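Worksheet for the structure shown next.
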Amino acid sequence: MKSLLLRQIIEGALLLSPTPLTIAELENLFSDSERPARDQILATVEDIQLDCRDRGYELVEVASGFRFQIREKLASWMHRLWEEKPKRYSNAMLETLALIAYRQPLTRGDIELVRGVAVSSDMIRTLLERGWIKIVGHRDVPGKPALYATTKEFLNYFNLSDLGQLPELKVGENMEANVHQPTLGVLESASSEITEN
Amino acid sequence: MKSLLLRQIIEGALLLSPTPLTIAELENLFSDSERPARDQILATVEDIQLDCRDRGYELVEVASGFRFQIREKLASWMHRLWEEKPKRYSNAMLETLALIAYRQPLTRGDIELVRGVAVSSDMIRTLLERGWIKIVGHRDVPGKPALYATTKEFLNYFNLSDLGQLPELKVGENMEANVHQPTLGVLESASSEITEN
Amino acid sequence: MPPISPKNNQKNAFPRQVEMPFAVVQGQKLSVFPDDLYIPPDALEVILEAFEGPLDLLLYLIKRQNLDILDINVSEITRQYTDYISIMQDLKFELASDYLVMAAMLTEIKSQMLLPRVSEVIEEAMDPRAELIRRLQEYEVFKNAAKNIDKLTRLDRDIFLARAELSGPDPVILRPTVTLQDIKKALESVDERSRLSQHHEISEEIISTRERMADILSRLNKQTFVTFGSLFDPIEGKLGVIVTFLAVMELMKERLVDIVQTDSFGMIYVRAQEL
């Protein structure tokens with residue numbers, strides 16, 4: 001296959017697909033007889049990325065593959081198209097999400113223990129419905145509470161390709177100098193607990 | 001405004017909008033102080049068209065404005081994207097469709113208010129593409145947000161002759177019987193709310 | 001019903017058994033509290049709504065005084081905290097049980113601090129504040145993490161998907177099938193959800209005690225007594241224990257359970273009340 005056609009097909013598919021596409025999915029666009037080598041597809045993707053340098057859009061890799069997106073610096077103009085202000089999420093929801101993201105997998109009880117307040121089932125349901133979290137199992141204690149973890153959609157939404165790209169956990173400015181050993185212990189074990197999706 | 005930024009904004013808007021954009025709509029992307037002359041916008045659109053010559057997509061003018069579309073010659077590869085997997089719609093998508101069906105016409109903001117989570121442009125686009133919803137006007141408030149309603153195709157797909165045939169909603173125990181009345185109210189007042197495009 | 005009586009606490013606040021500066025402001029050690037606790041009552045609801053919970057409220061109280069989390073004066077913070085709580089209750093503002101749980105915990109720590117110490121040297125591990133400090137620090141870490149997540153580049157706010165449609169005749173695309181029932185169910189679930197979220201967060205969380213009351217009732221019957229202790233599940237930790245305790249007290253107040261103890265320090269039994 002000519003490299004120009006190959007490039008056009010990949011460009012077209014990435015603009016048409018509502019979800020990011022993996023290299024494997026790009027391979028599947030081609031019949032067995034015409035399918036290019038994986039390296040060639042990768043090289044083409046890189047080519048397209050370079051070509052977008054000066055464009056209003058870019059080709060980026062997020063958790064579930066490659067997607068075209070509009071550059072962040074253009075956001076204020078794009079909002080004029082969308083008229084309404086983007087939805088804000090409550091602190092309660094963000095705190096719950098942060099705990100699930102950094103401490104996954106964990107139960108609702110675990111979240112309540114750290115936040116010191118009950119976590120409404122409504123909030124968990126909203127996060128589940130949004131596709132940001134999923135149940136990955138149940139803890140083997142009485143009641144068998146569900147264990148929650150974040151999804152690839154969560155990473156996609158926040159423009160991340162993996163959990164390692166989450167901002168580092170930091171203690172507050174006032175406390176930086178005198179963090180206690182036990183706290184650090186907790187933080188370290190937290191990161192080792194995170195498993196890839 | 002620098003011509004590169006101008007170009008990026010127009011490119012971004014055309015790739016973001018679920019519907020084609022007219023030159024007037026492109027003008028509206030800019031604040032009064034930065035708005036370029038109409039000629040300049042037209043020249044930029046032509047520039048973008050030229051630049052896409054070798055791309056998998058092109059910028060074309062259709063009845064309701066300009067839009068990016070994937071080249072027709074690539075159709076056979078693009079079809080493979082859908083071949084295997086008729087993916088399920090997410091709950092978020094079904095809820096958005098349900099709200100438009102029962103509470104039409106309403107804006108994206110209305111939907112977000114009730115659902116409590118953001119409605120992505122992509123969700124609206126998918127419903128528009130499927131031909132199930134359309135823009136019936138704009139609410140006469142700042143920003144003039146689009147009002148969405150269901151189409152004849154929606155009724156056809158579900159084998160309905162009119163919206164009155166939608167299944168009746170079960171009213172929750174504690175839910176006041178206000179589910180139906182306001183819905184009908186909205187439908188009746190709809191016409192007065194709509195300002196013509 | 002709350003396990004503490006804030007008004008009384010306030011009267012004998014400042015036992016001053018340990019003279020310890022609770023704040024260093026611009027190099028000056030302060031051991032007397034600035035008298036700026038007054039908050040107009042109508043602002044309270046707003047303020048309480050701004051907090052994500054008792055830990056958040058505590059953090060605010062500590063930060064407002066420029067205090068170091070590691071060196072909090074428990075009696076002072078307890079006094080301020082219970083002041084807030086008691087004003088809320090005076091205003092008949094429904095408080096989440098979580099806030100009462102924290103008040104109980106603070107009072108417990110405070111009383112432990114008042115106990116005579118065996119040794120002059122207070123070992124770090126023996127400090128009754130240690131657990132509270134650990135929790136405050138841990139909570140603050142995630143409060144910050146939540147802020148950072150909010151700042152991440154986000155779809156449909158900072159970036160947008162770039163999409164284009166296919167030109168030409170409509171391809172034969174296998175699209176998801178949808179039934180009318182799917183749509184009906186979707187809207188019902190939205191209605192249900194928006195109805196639930198109409199209560200604001202705090203009154204919603206009262207449910208946790210009420211939920212626990214219901215759980216306990218469902219485990220009891222009129223015929224047999226169960227031991228008071230069996231109602232508690234140690235796995236739930238301190239918070240769970242206190243919520244269960246509050247739930248039993250509430251059940252007693254509402255005359256839904258009988259509690260029997262035959263001799264002092266003997267076993268306590270609970271059963272559902274005959275109607």
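By convention in this document, chain letters (A, B, ...) are assigned in the order of the sequence lines, proteins followed by strands, and residues within each chain are numbered from 1. Quick caveat: nothing in here was measured; it's all calculated off a predicted structure.
Heavy atoms closer than 4.5 Å to chain A are found in both the backbone and the side chain of B:Ser121. Heavy atoms of A:Phe30 lying under 4.5 Å from chain B belong to its backbone as well as its side chain. Only the side chain of B:Glu11 has a heavy atom closer than 4.5 Å to any heavy atom of chain A. Proximity to chain A is limited to the side chain of B:Ile124, based on heavy atoms less than 4.5 angstrom apart.
Dense packing is recorded around CG of B:Asp162, with more than 12 heavy atoms of other residues, nucleotides or ligands lying under 6.0 Å away.
Partners of B:Leu155 according to the side chain to side chain contact (heavy atoms under 4.5 Å, CB included) rule, which considers only residues two or more places apart in sequence or in another chain, are B:Leu160, B:Leu163. Scored by the ring pair (Phe, Tyr, Trp, His ring centres under 6.0 Å) test, A:Phe154 finds A:Phe158 as partners (sequence neighbours excluded).
Closest heavy-atom contact between B:Gly12 and A:Ile70: O-CD1, 3.3 Å.
Here the rule is side chain to side chain contact (heavy atoms under 4.5 Å, CB included) with B:Leu74, and of A:Ile9, A:Leu29, A:Leu16, A:Ile10 only A:Ile9 fits it.
The shortest distance between side-chain heavy atoms of B:Asn91 and A:Leu128 does not fall below 4.5 Å.
Heavy-atom proximity under 4.5 angstrom to chain B picks out A:Asp51, A:Asp54, A:Arg55, A:Gly56, A:Tyr57 from residues 47-61 of chain A. Residues of residues 31-40 of chain A having a heavy atom under 4.5 Å from any heavy atom of chain B, listed by number: A:Ser31, A:Glu34.
Here the CG-CH2 distance, from A:Leu6 to B:Trp77, works out to 10.0 Å after rounding to the nearest 0.5 Å.
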